[in-house]
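The structure appears below as C-alpha cells.
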Amino acid sequence: MRRAAATTGEARKLETIPVSDHDETTTIDATKSDHGFQADVARLLELMTHSVYSERDIFLRELVSNAADAIEKLRHDALSDEALAAKAAAPLVTISIDKDARTLTVADNGVGMSREDLVAALGTIASSGTRAFLDDLEKKGGEKSASLIGRFGIGFYSAFMVAEKVEVATRRAGASDAFLWTSDGKGSFQISSLPLADAPDPGTRVTLHLNAESDEFLAPSRIEEILREHSGAIPIPIDLVEAPGAEPRRLTDGSALWTRSKSEITEKEYEDFYQQLSGQFDAPALTVHWRAEGRIEYTVLAFAPGSRPYDLFDPARKSRTKLYVRRVLISREIDLLPPWLRFMRLVVDSADLPLNVSREMVQNNPLLDAMRKAISTRIVKELTDLATKDAEKFASLWKNFGAVIKEGLHEDPQRRDEIFAIARFSSLLHPDGDLSLKDYVASLKPNQTAIYYITGDDKKRLAASPQLEAFRAKGVDVLLLDEAVDSFWVTSALGFDGKPFKSATQGKADIDSIPTPEGAAEPPPAEATSEVALLTAMMKETLGEHVDDVRVSTRLRESAACLVAPDHGFDLQLARMLAESGKGLLGKPVLEINPGHEVVVALAKKSKADRASAEDGFWLLLDTARIADGEAPLDAGAFAKRVTALLAKTVCKTE
Ligand SMILES: Nc1ncnc2c1ncn2[C@@H]1O[C@H](COP(=O)(O)OP(=O)(O)OP(=O)(O)O)[C@@H](O)[C@H]1O
C-alpha cells in the first residue's frame with residue numbers, strides 16, 4: 001500500500017489511491033481524504049451521540065488512558081531506538097480548556113499515529129472489548145445501553161458523547177509528516193496533512209468541540225474532579241491548563257502506585273488504580289501488593305475484580321498481566337497466570353528482566369517462569385486467607401469466579417488440595433453454596449465412606465432428583481454440582497481427606513449401611529417379591545434397546561423409578577456432555593424401580609396376568625424417569641398418547 005506523500009499546506013496534485021482494505025471506496029487526495037466509518041463504528045457512534053447516559057464523563061478517562069498508552073508505547077520503542085530516547089524522556093499528558101472556543105483538549109507526547117494508523121485505529125474497531133460491548137448490546141436490546149456503557153472500555157469513540165466535532169492532530173515518533181483527523185461522528189471522517197509546526201513532536205492532540213449539553217466540561221474544577229476520580233492512578237504526570245495562555249498546573253505526578261510503600265497508599269487509590277487497570281467500575285474483591293526479594297526481585301499489585309469481566313469465559317482463557325521492567329511497559333497482556341486464575345488483574349514490575357527483552361522472549365524466559373509460579377502460589381495463599389478471615393467477602397468472590405477456579409482442580413493436580421481448601425459448594429443440606437469440603441467431611445454420617453455428589457445444570461432440579469430420595473431420608477449430604485467443569489474434576493480428583501468422591505447417580509447406591517433416622521420415609525423392602533423380580537426381567541426385555549439394565553432400587557422412597565449410570569464408565573451428566581460435544585457415545589442408563597411403590601407393585605401383578613396391556617406402564621416409567629432428569633421422553637408423540645389414555649381412564653373413573 002502506498003502512503004500519501006508528506007505535504008505542507010497549499011493545494012497540490014490530486015492523487016487517488018486506496019488506503020484501506022476494509023473500505024474499498026476510500027480515496028486519498030494527497031491533502032485531504034474522506035473515509036466512511038466501518039459499520040461497527042457507525043453503530044457505536046449512533047449509540048454515543050444519542051446516549052442519555054449520566055456518566056458521560058468516562059470519555060475523559062478513555063482519552064487520558066489512550067494518551068498514557070501512547071506514552072508507554074513510545075517509552076518501549078525508545079529502548080531499541082536511540083533516536084527516540086530523547087523524545088520519550090519527559091512523558092506528559094496535558095489537558096487544556098478553552099471556554100471561548102468551547103474546546104477541551106487532551107494532548108500527549110507519546111508514540112503518535114501515521115496516516116495508516118489513523119485510518120486503522122480511528123475508523124474501525126480493533127479492540128475486542130468494544131466489539132463485545134456492541135454484541136452484548138445487540139443481544140440485550142438498546143434500552144440497556146446506559147448500564148452497559150459503564151461496564152466496557154469503549155475507547156476513543158466515547159468522545160462523541162460530549163463533542164459535536166473531534167479533531168486529532170498527530171505525528172508519529174520518528175516520522176517527518178503529521179496529520180489531522182476530523183469527524184463530526186456522523187458516518188465519515190477526514191484526514192488531511194498537517195504542517196509540522198502545528199503538530200505535536202511527537203504525539204497526539206485530541207480536541208473536542210463540545211456539544212451544547214456539555215458545558216460542565218469547560219469548568220476546570222469538574223475536569224479536576226473527574227481526573228482525580230478516574231485517572232489518579234495513571235503512571236504518567238498530568239497537567240491542566242485552565243485557559244489559553246495559563247500556566248499548567250500539575251494534577252497528578254504519575255508516580256507508579258506499585259512503587260510506593262503499602263502503608264502510604266489509601267484504599268481509594270488502590271480502587272482507582274484497579275478501575276484504571278481493569279476497565280471495570282466496581283471495587284476489587286481482593287487487593288494484594290507485595291515485593292518479592294531474593295533471586296529475582298519484582299513488585300506485584302494484584303486484584304480480584306468485584307464482578308465478572310465480560311471476557312471471563314472467552315475460549316482463549318488468557319490471563320492479562322501488565323508487565324513492566326523498571327517501570328517501562330513491556331507487555332500489557334502477558335499470560336502470566338494459569339488459566340484458572342485468569343480473572344485476576346495484575347501489574348508486575350521487575351528489575352531483573354532485561355529491558356530490551358522482546359515480547360516473544362518474555363513468554364519463554366526462565367526468570368519469568370519462576371515468577372509465574374511464585375505469583376500463583378502467593379495469590380492462592382491470599383485467596384485462602386480471605387476465605388478464612390472474611391467468609392462473606394470470599395463467598396461473593398467465589399460466586400463470581402468459583403467456576404473458573406474449579407477448572408484448576410482438573411488441570412492443575414498439584415494445586416488441587418489448595419483449591420479444595422477454598423472451594424465452596426451447594427449441597428442438599430446447604431443450598432446457599434457456602435459448604436466447604438472440610439465441613440462436609442466433618443459431618444459424615446455413621447458408616448458413610450464417600451463424598452457424594454450429583455452433577456447437572458440446574459441446582460433446583462438436582463436437589464429434587466428422585467435419585468437422592470434415600471440420601472435425603474437418611475440426612476446424607478450430597479454436593480449439587482451444576483457447572484460444566486464439575487463433571488470433569490470429579491472424575492480426575494481422587495478424593496478429599498481420604499474420602500473418595502462418589503456419584504449419587506451411578507451404580508448401586510451404597511448407603512444401605514447408613515442408619516435411617518427415626519420418622520424418615522420407609523425404605524423399600526430389602527428383598528423384592530418374585531412378582532417384582534419378574535417385572536424387572538419383562539421390562540428389560542421390552543425396553544432393552546434403551547436401557548442397560550432394569551433393577552430394583554434401594555435409593556428410591558417416594559418415586560416409582562429413576563435413571564442411574566451403570567457401575568463402570570461415565571456418570572450420566574458427563575456422558576451427555578461428551579455426546580453433545582461429539583466426543584463420545586451416549587451409553588445406555590440403568591432404570592431402577594422402587595419395589596415398595598404401589599404403581600410398581602400393581603404393575604408387577606398386572607404384567608404377570610396380561611403383559612401386553614402392562615407395557616404402556618413400562619414405557620411411562622422410563623419416560624417419567626427421563627423427564628425427572630431434564631430429558632425429553634423417548635418418543636414425545638407416543639408418550640402424549642399414553643398419558644392421555646391414562647388421564648381418560650382416571651377422569652372417566654371419577655365421573
Ligand atoms: N493518543 C493516542 N496516541 C496514539 N494512538 C492512539 C491515541 N488514541 C487512540 N489511539 C489509537 O487508537 C486505537 C483505538 O483507541 P480506542 O480507545 O478506541 O481503543 P483501545 O484503546 O485500543 O481499546 P479500549 O479503549 O477498548 O481498551 C488505539 O488502540 C491506538 O492505536
Side-chain angles (χ1 to χ4, degrees), residues 20 22 35 37-38 40-45 47-48 58-77 84 87-88 91-96 104-137 148-161 163 166-175 178-181 183 185 189 191 199-208 230-231 234 236 238 275-281 309-311 320 322 329 332-333 345:
S20 155
H22 78 271
H35 307 253
F37 281 117
Q38 183 199 40
D40 276 346
V41 180
R43 279 158 75 201
L44 185 62
L45 286 174
L47 184 80
M48 292 298 154
I58 18 172
F59 81 90
L60 193 56
R61 184 190 80 150
E62 298 291 340
L63 295 184
V64 169
S65 142
N66 282 349
D69 285 354
I71 287 173
E72 293 195 306
K73 271 186 212 152
L74 178 60
R75 223 165 12 187
H76 184 267
D77 290 354
L84 297 183
K87 308 269 183 206
L92 182 66
V93 177
T94 309
I95 298 173
S96 317
L104 180 69
T105 302
V106 178
D108 64 71
N109 54 3
V111 71
M113 284 177 275
S114 66
R115 188 189 271 265
E116 286 84 355
D117 292 340
L118 274 174
V119 174
L122 306 186
T124 60
I125 292 183
S127 129
S128 56
T130 316
R131 175 146 298 138
F133 163 69
L134 279 169
D135 292 348
D136 211 19
L137 198 68
L148 278 172
I149 287 175
R151 276 184 45 213
F152 289 96
I154 41 175
F156 169 80
Y157 302 107
S158 60
F160 287 99
M161 288 200 286
V166 177
E167 288 172 322
V168 181
T170 186
R171 178 176 175 182
R172 172 108 203 162
F179 299 95
L180 181 68
W181 179 102
S183 178
F189 61 92
I191 298 179
D201 180 24
T204 302
R205 188 171 62 233
V206 180
T207 303
L208 311 184
H230 292 315
S231 305
I234 288 259
I236 310 285
I238 303 178
Q275 293 187 343
Q276 196 72 47
L277 179 69
S278 64
Q280 298 199 178
F281 288 78
Y310 69 87
D311 59 353
R320 288 188 283 132
K322 261 182 142 180
L329 183 62
R332 69 177 24 256
E333 304 219 316
R345 292 292 173 259

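Values in this document were obtained by computation on a predicted structure and should not be read as measured data. Atoms within each ligand, like the ligands themselves, are counted from 1 in listed order.
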What's the shortest heavy-atom distance between [X] and [Y], and which atoms?
{"X": "Ala163", "Y": "Leu208", "answer": "CB-CB, 3.9 Å"}
{"X": "Ala67", "Y": "Val106", "answer": "CB-CG1, 4.4 Å"}
{"X": "Ala173", "Y": "Leu84", "answer": "CB-CD2, 3.7 Å"}

Any idea which part of Leu122 is under 4.0 Å from ligand 1, heavy-atom wise: side chain, backbone, both or neither?
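For Leu122, only side-chain atoms sit under 4.0 Å from ligand 1.
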What part of Asp69, side chain from CB on, backbone N/CA/C/O, both or neither, has a heavy atom under 4.0 Å from ligand 1?
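The answer is neither.
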For ligand 1, which atoms, with element, lie under 4.0 Å from some heavy atom of Glu62?
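Here the atoms of ligand 1 in question are 25 (O).
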At less than 4.0 angstrom from any non-hydrogen atom of Ala121, what atoms of ligand 1 do you find?
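Once the distances to Ala121 are compared, the set is 11 (C), 12 (O), 13 (C), 14 (C), 31 (O).
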Could you measure the distance from the CZ atom of Arg171 to the OG1 atom of Thr204? Nearest 0.5 Å is fine.
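If we round to the nearest 0.5 Å, Arg171:CZ and Thr204:OG1 are 12.0 Å apart.
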Looking only at distances, please establish whether an N/O atom of ligand 1 is found under 3.5 Å from an N/O atom of Met113.
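Not met; the criterion fails.
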Are any of the N/O atoms in Tyr157 less than 3.5 Å from those in ligand 1?
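Looking only at distances, the answer is no, because the N/O contact criterion of under 3.5 Å is not met.
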Measure up the Trp181 and Phe37 rings against each other and bin them: parallel (under 30°), tilted (30 to 60°), perpendicular (over 60°).
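Geometry flag for Phe37 against Trp181: tilted rings.
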Spell out, as yes or no, whether a donor-acceptor pair under 3.5 Å connects the side chain of Glu333 to the backbone of Arg320.
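No, Glu333 side chain to Arg320 backbone: no donor-acceptor pair under 3.5 Å.
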Please compare Val64, Thr170, Asn66 and report which has the shortest non-hydrogen distance to atom 8 (N) of ligand 1.
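The residue whose heavy atom sits nearest atom 8 (N) of ligand 1 is Asn66.
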